[in-house]
Amino acid sequence: MHTEHDWITTPLTADLLRGALDLERTEHGLLPHRLPARARAQNTNAQLAMAEAQPSGVRLAFRTAATAVELDTLRTKRDYAGFPPRPDGLYDLLVDGRPAGQAAGTGGNVLTIDMATWDGEVTPGPVGTVRFTGLPAREKDVEIWLPHNETTELVALRTDAPVAPVPDRGRRVWLHHGSSISHGSDAASPTAIWPAIAALLGGVELVNLGLGGSALLDPFTARAMRDTPADLISVKIGINIVNADAMRLRAFGPAVHGFLDTIREGHPDTPLLVVSSVHCAIHEDTPGPTAPDLSGLGEGLLRFAAMGDPAEVAAGKLTLTVIREELSRIVRQRAADDPNIHYLDGLDLYGESDAAEHPLPDEVHPDAATHRHIGERFHELAFTGGGPFAPGS
């Protein structure tokens, strides 16, 4: 720690955090969770357990006149055996809602995953410190967005002036659920994931339940959304159902209805936007499952491939084309009794022509430029004009 500041250590408490649904006390500090304890207890999937503990959209938010801030964290970074190390997770600093700095995580644990078996081995490491200096010497709202792709235990917060929770600014809360694309996949930083881009442009508070690999219509996720206060709700459905080859058309429709019914138990009149998948060429007309293409392993290249047979669609196997048609039908049906439900075709966010300009590097996940494209397009379609999330709509 630098000695030129007279540091004040502020206890890390729930009123200084946004975007987390639960906080777990660990031996090191606080671990933010994006699913509540009851949902986690009902989950048996290791990938979902890892995804929900990665704080996508979670940020520290406080009011202070401090010119310097230090945050101690213990991160768990994931790498893949045979591939180059992944970039360090980034922390984005906002001052009064505007970008004001960025820092990479240090120290921490490394989880190395063997993609052939999905076994993982953890190499422990020390607590690291993220430091921001040169902040304006006035009262201001400060946000530190945590890395969207690294499990992050919060250990200590130090500033050179007192800290208080941010007062209620009257901003609407947007609750969103989706796949790894909503989680952040290969976005450049935590405020550069597409839901964060849309939220910052729309002036709303984001609660991001984008869960890598796990937008699978899990009832415990629906109950978590039912019980979470929100002014706006969206659910992005499709790609993970196909990735996992999780269900057939016969089961899919009732599962969607059940998921939406559960949300409506807690939010009967809230604007609810059902969003289908963006363009993904390998699964537009070919079912899952999706599997890693390890042919580029020696070169450190990872791509994904569709393993299903298009002929099986006639027997009820799901493709993105089939899912979009079914979601559109379901929303039209429900809208007869629910004027606040809406449908957004994911191809309007990122379609075939967009893919030609911004191809998916691994055939499934967008890169940083495409996250910005999707976020700006979602803001335009949902938050402006006659969009379902537009103020006063």
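- For CZ of Arg98, the number of neighbouring non-hydrogen atoms (other residues, nucleotides, ligands) closer than 6.0 Å is 12 at most.
- The existence of a salt bridge linking Glu325 and Arg329 is excluded, since no basic side-chain nitrogen approaches an acidic carboxylate oxygen closer than 4.0 Å.
- Checked by atom type, the side-chain pair His183/Ser56 shows no donor-acceptor distance below 3.5 Å.
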Taking only distance into account, with no hydrogens and no angle test, what donor-acceptor pairs under 3.5 Å do side-chain atoms of residues 103-111 form with protein atoms, sequence neighbours excluded?
| residue | atom | partner | partner atom | Å |
| --- | --- | --- | --- | --- |
| Thr106 | OG1 | Thr129 | N | 3.3 |
| Asn109 | OD1 | Gly125 | N | 2.9 |
| Asn109 | ND2 | Thr76 | OG1 | 3.3 |

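- Remark: His177 NE2 to Ile263 CD1 distance equals 8.0 Å, nearest 0.5 Å.
- Glu153 and Thr26 are linked by a side-chain donor-acceptor pair at a separation below 3.5 angstrom, with hydrogens and angles left out of the test.
- One finds the OH atom of Tyr343 at 9.5 Å from the CZ atom of Arg332 (value rounded to the nearest 0.5 Å).
- Ion pairing between a basic and an acidic side chain is recognised when a charged N comes within 4.0 Å of a carboxylate O; Lys77 and Asp88 show such pairing.
- Rounding to the nearest 0.5 Å places OG1 of Thr290 at 12.0 Å from CG of Asp293.
- In this structure, Leu360 is not a member of the same hydrophobic cluster as Leu302, with clusters built from ILVMFWY side-chain heavy atoms closer than 4.5 Å.
- Under the salt bridge (charged side-chain N to carboxylate O under 4.0 Å, His left out) criterion, the residue pairs touching residues 256-282 are Arg226-Glu265, Asp261-Arg334, Arg264-Asp338, with sequence neighbours excluded.
- Comment: Arg171 does not engage Asp231 in a salt bridge, judged by the lack of any side-chain N to carboxylate O separation of less than 4.0 angstrom.
- A donor-acceptor contact closer than 3.5 angstrom is absent between the side chains of Trp7 and Thr159.
- Asp92 contributes atom CG, which lies 3.5 Å from atom OG1 of Thr191 (distance to the nearest 0.5 angstrom).
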Inset, instruction - Kindly determine whether Arg59 and Leu146 satisfy side chain to side chain contact (heavy atoms under 4.5 Å, CB included), including the steps that lead there. - result: CA-CA 6 Å; Arg59 60 266 186 210; Leu146 305 179; 5.8 Å; no
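- Cluster annotation: Trp174 is not connected to Leu272 through the hydrophobic network of ILVMFWY side chains, with a link wherever side-chain heavy atoms come within less than 4.5 Å.
- Between the CG atom of Leu200 and the CD atom of Glu205 there is a distance of 9.0 Å, given to the nearest 0.5 Å.
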Legend entry - Intermediate values then yes/no, side chain to side chain donor-acceptor pair (under 3.5 Å), Asn149 and Gln54: CA-CA 6 Å; Asn149 54 4; Gln54 293 172 346; over 6 Å; no
Inset, instruction - Check the pair Leu93 / Glu143 against side chain to side chain contact (heavy atoms under 4.5 Å, CB included), numbers first and verdict last. - result: CA-CA 6 Å; Leu93 175 72; Glu143 295 183 10; over 6 Å; no
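- Under the 4.0 Å criterion applied to side-chain N and carboxylate O atoms, Arg377 and Asp354 are assigned as salt-bridge partners.
- His283 and Thr321 are not linked by any side-chain donor-acceptor pair at a separation below 3.5 angstrom, with hydrogens and angles left out of the test.
- Of the N and O atoms on the side chains of Glu52 and His33, at least one donor lies less than 3.5 Å from an acceptor on the other residue.
- Aromatic ring orientation, Trp194 versus Phe378: tilted (interplanar angle from 30° to 60°).
- For the pair Asp245 and Arg248, the salt-bridge criterion is met [side-chain N within less than 4.0 Å of a carboxylate O].
- Atom CZ of Arg138 is surrounded by more than 12 heavy atoms from other residues, nucleotides or ligands within 6.0 Å.
- Rounding to the nearest 0.5 Å gives a distance of 12.0 Å between OG1 of Thr370 and CG of Leu349.
- Under the 4.0 Å criterion applied to side-chain N and carboxylate O atoms, Asp309 and Lys317 are not assigned as salt-bridge partners.
- Classified by interplanar angle (parallel below 30°, tilted 30° to 60°, perpendicular above 60°), the ring pair Phe383/His379 is parallel.
- Residues Tyr91 and Ser189 have side chains that never bring a donor and an acceptor to within less than 3.5 angstrom of each other.
- Ionic pairing of Arg303 and Asp362 is not present here: no N-O contact between side-chain nitrogen and carboxylate oxygen is shorter than 4.0 angstrom.
- Side-chain polar atoms of Ser328 and Arg324 form no donor-acceptor pair below 3.5 angstrom.
- One hydrophobic cluster, built from ILVMFWY side chains closer than 4.5 Å, holds both Leu260 and Phe252.
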